[in-house]
Structures are given as structure tokens and as C-alpha cells.
Amino acid sequence: MSMSPAATKPAIPIAPILSSASFRRAGFAPTATVLDAGEARLVTSGRIAIGLALREIGVGPGDTVLVPAYHSQSMVPPVLWRGATPLFYRIRPDTAPDLIDLARHIDGRTRAVMVTHYFGFIQDLAPLRALCDARGVALIEDCAHAFIGEREGRPVGAIGDYAIASSMKFFPIYEGGALVSARRPLGTVALRSAGPGFEAKVALTSLENSFSWRRLKGVQAAMWLPLKLKDGLWGALKKRRPAPAALAPSSSDSSYSFDPGWLDKRSSWFARTLLALVPASRIAALRRRNYERLDAALGSLRGMRALHPSLPPGVCPWVYPLLVIDPEPLFERLLAAGVPVVRFGHPLWQGVDEHTCPVSADLSRRVLALPCHQELREGELAWLIDAVRKAAA
Ligand SMILES: *Cc1c(COP(=O)(O)O)cnc(C)c1O
């Protein structure tokens with residue numbers, strides 16, 4: 001996934017920003033989240049949860065792990081960290097795993113299969129579950145795009161031996177991931193605090209982000225002094241520590257790297273508190289509403305169509321993915337207009353190309369996804385629609 005370069009700040013926020021509205025509960029139907037699927041451990045990122053799942057499964061040198069050819073580059077380094085080899089299997093045009101190709105990659109060295117619920121659309125995993133059971137391979141459900149949702153009455157994440165999720169993609173927080181299991185005990189996964197520097201950095205970065213988008217104005221006035229103090233504190237810390245950047249995981253700065261130093265670290269108090277206080281029901285309802293509005297306004301423009309023909313019940317979308325015939329000129333115009341565009345799987349892991357999987361190579365190039373998150377305001381959504389219409393004209 002590549003985002004608009006940080007140098008040009010987009011005109012609207014690409015990810016949810018904390019505001020007082022984030023806490024509203026009334027009027028939204030309850031929704032399941034991945035945390036309802038089983039026992040859970042709150043860590044600092046989705047990729048750290050992948051690393052923990054692989055460690056719990058016992059993946060080691062000489063083993064292979066099956067990864068979808070359409071992937072986030074952050075899914076691969078945890079496999080390499082275990083000394084295992086990632087093998088990439090094909091997906092179908094509707095993003096479901098190609099089970100024939102997947103099965104071809106399974107042999108005596110295969111320990112685990114990762115499967116992704118792309119963009120929040122929850123896959124039917126019954127056939128893959130059966131295949132994994134028959135071949136004695138563990139299934140890791142990648143719910144990084146699907147923190148919230150259910151299928152056939154079961155919360156997302158309930159089918160895999162392990163599920164992993166990325167809370168940052170749905171909640172207005174700066175770090176956060178989850179390791180969940182409906183099938184195996186997580187007693188061996190012990191976590192400890194990453195320390196006061198980390199706790200402070202997460203809270204202050206989230207608040208500063210809010211202020212920079214002019215959310216939480218009352219709090220902003222009250223925070224003026226603490227933020228001044230923080231600047232001073234940071235100066236002092238930087239002088240003392242050799243690597244002040246390591247105060248937060250690299251996942252929080254939209255890179256793909258994997259630092260095993262974060263494996264045993266608990267998510268911050270600030271992120272865990274927001275996860276408990278911010279209702280998922282509102283996130284799901286507003287993301288669905290924004291998705292439907294974007295689809296109604298943009299889904300039938302010339303040269304593009306929605307990747308998915310409809311939004312099934314139980315889905316809480318991460319973004320609104322458009323399949324664009326000629327993506328590069330549109331992408332350039334959107335960037336120039338300040339539209340935040342997510343290009344998931346762009347680029348793919350080195351060596352993964354149209355020979356590995358033609359569908360993945362095609363989606364990696366042609367899907368331009370727009371934000372539909374719950375903290376987009378009415379005017380921002382209208383601006384987004386207008387900007388995309390103009391860029392597509
Ligand atoms: C973002 C992402 C991850 C990793 O999540 P982080 O919280 O960024 O570490 C894993 N899988 C997919 C499909 C993702 O998009």
C-alpha cells in the first residue's frame with residue numbers, strides 16, 4: 001500500500017481522526033469485531049500480530065508459509081524473521097483465494113496459510129478451512145482490513161487458527177494491532193508495557209493529529225501547555241537516547257519494516273482505552289454509509305467501476321476500492337488535487353508479478369481506493385466526490 005507522499009498533505013484526512021463525535025453510541029446497531037472472535041492480545045501493529053501467530057504455530061527455518069500474491073508488503077517480513085520461505089498463491093478476480101493454485105503450493109514443509117479479507121469484504125473461508133484441516137496446515141486470517149464485521153452470524157476472525165488485525169486502520173489511534181484466536185489458547189503470549197516514552201508519544205501524537213485537522217478544539221486549548229512541555233521533553237529525550245525514532249513502531253509511520261523488538265510489547269494505554277470507548281457500531285454504520293455514497297456518485301463514471309458489485313451485510317469497509325482502466329493519469333490528477341488515495345499492494349513484494357498471479361498484478365496496478373472512514377465530515381465527503389469527478393472528466 002502506498003499513500004500520498006507526506007510532503008503534500010491531502011485536503012481531507014486519509015485515516016480516522018479523533019473527535020468528540022468518535023464516542024457517540026446512540027442510534028447505531030451493535031456490530032461484531034474481531035475481538036469478539038476469541039481470546040485476544042492487543043499489540044502495537046498487525047504485522048507484529050502476524051509474527052506472534054507464526055511463532056505460536058512454531059514456524060521455523062526450512063518451513064514455507066503461503067501468502068496471497070495480492071498482499072501488503074508488511075505481511076512478508078514476519079515470515080522471513082522466522083527463517084521461513086514465503087510462497088505466493090494466486091487469487092481470483094473477486095479476490096477469493098484460488099484454491100487449486102493454493103493447494104499446489106502445499107507440501108511437507110508448509111506450516112501456515114495466510115488469507116486476507118481485502119478492503120473489509122469478508123471471504124467465505126469454509127473451503128480453505130477444510131483444505132487446511134485436510135493437509136494439517138494452520139490458517140492465519142488477516143483481518144487488517146476487517147477489524148469490524150461478521151459473516152453468517154460469526155464475527156470476522158473466527159475461522160482461522162489465528163486472526164490478526166490492525167486497529168489503526170479503523171480507530172482514531174496512532175498504533176495498535178490484535179492477535180486473536182477462537183481455537184488455541186494465547187497463554188504463552190505475555191506482553192509488557194513499552195515504557196512511559198512510548199505511552200506519552202502515542203497519546204500526544206493522536207491528539208496533535210486531531211488538532212492539526214481542527215477536531216477537538218476545546219481539548220486543544222486545554223492541551224496548549226502540555227504540548228509545549230512535550231516539545232521540551234522530546235528535545236531532552238533525543239539528547240539522551242541513541243535512537244529516539246524507536247519510541248514507536250515503524251508501522252505507525254507507514255513503512256513495511258518489521259522490528260521483533262515490539263513482539264512482547266502491549267499496545268499503549270491510550271490506544272487500548274480508545275478501543276474500549278469508541279463504539280464499533282458507529283464506525284461500521286458511517287463507513288457503510290460513506291461507501292454507498294461514494295459508490296452512488298462514482299461507481300458508474302466512465303473508465304472505472306467499483307471492485308465489488310455490492311456491499312454485503314456484515315461488511316465494514318476499510319476503503320472504497322475503484323477498479324480503474326487507465327489508473328496512472330487519474331492517480332496523478334487525484335494527487336495533484338490533494339485527494340488521499342490508497343494503492344493497496346502497490347508495489348508487490350519483489351519478484352511477485354503477472355507470472356506469479358495475473359489478477360494480483362492487475363489489481364495492484366488498477367485499484368485506486370478512496371477513504372470512506374467514519375470521521376469524514378459531510379463537506380469533506382462532498383469535496384472528495386467532486387474532486388474525483390473532476391479528475392475523471
Ligand atoms: C496493513 C496491513 C497489515 C499490517 O498491519 P500493520 O498494523 O500496518 O502492521 C497486514 N495485512 C494487510 C492486508 C494490511 O493491509
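Ligands are counted one by one from 1 in listed order, and the atoms in each one are counted from 1 as well. Any value given below was found using the heavy atoms of this structure, including those in side chains, with hydrogens, waters and symmetry copies removed.
Ligand-side atoms of ligand 1 in range of F344: 13 (C), 15 (O), range being under 4.0 angstrom from any heavy atom. The contact set between ligand 1 and G46, taken as ligand atoms under 4.0 Å from a residue heavy atom, comprises 5 (O), 6 (P), 7 (O), 9 (O). Remark: ligand 1 atoms within the under-4.0 Å shell around heavy atoms of A144 are 2 (C), 3 (C), 10 (C), 11 (N), 12 (C), 14 (C). Counting the atoms of ligand 1 from 1 in the order shown, those under 4.0 Å from a heavy atom of T116 are 13 (C). Counting the atoms of ligand 1 from 1 in the order shown, those under 4.0 Å from a heavy atom of M168 are 7 (O). Near S74, meaning under 4.0 Å from one of its heavy atoms, ligand 1 places the atoms 2 (C), 3 (C), 4 (C), 10 (C). Heavy-atom proximity to S166, at under 4.0 Å, picks out these atoms of ligand 1: 5 (O), 6 (P), 7 (O). Close contacts of ligand 1 with R47, meaning ligand atoms under 4.0 Å from a residue heavy atom, involve 4 (C), 5 (O), 6 (P), 8 (O), 9 (O).
Side-chain atoms of S268 and E175 include a donor-acceptor pair closer than 3.5 Å. Side-chain atoms of Y320 and D295 include a donor-acceptor pair closer than 3.5 Å. S281 and T31 are not linked by any side-chain donor-acceptor pair at a separation below 3.5 angstrom, with hydrogens and angles left out of the test.
For atom 2 (C) of ligand 1, the nearest non-hydrogen atom from the set H117, K169, H145, M75 belongs to K169.
Checked for salt-bridge contact, D386 and R389 miss the test: no charged N lies under 4.0 Å from a carboxylate O. By the 4.0 Å N-to-carboxylate-O rule, D264 lies close enough to R192 to be salt-bridged with it.
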For this session: Would you check, one step at a time, whether the test ring pair (Phe, Tyr, Trp, His ring centres under 6.0 Å) holds for F88 with H71?
Result: CA-CA 9 Å; F88 297 92; H71 53 256; 5.1 Å; yes
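Ring-plane geometry between Y291 and F121 is classed as tilted, the angle between the planes lying from 30 to 60 degrees on a 0 to 90 degree scale.
Residue W318 has no nitrogen or oxygen atom sitting less than 3.5 Å from a nitrogen or oxygen atom of ligand 1, judged on distance alone.
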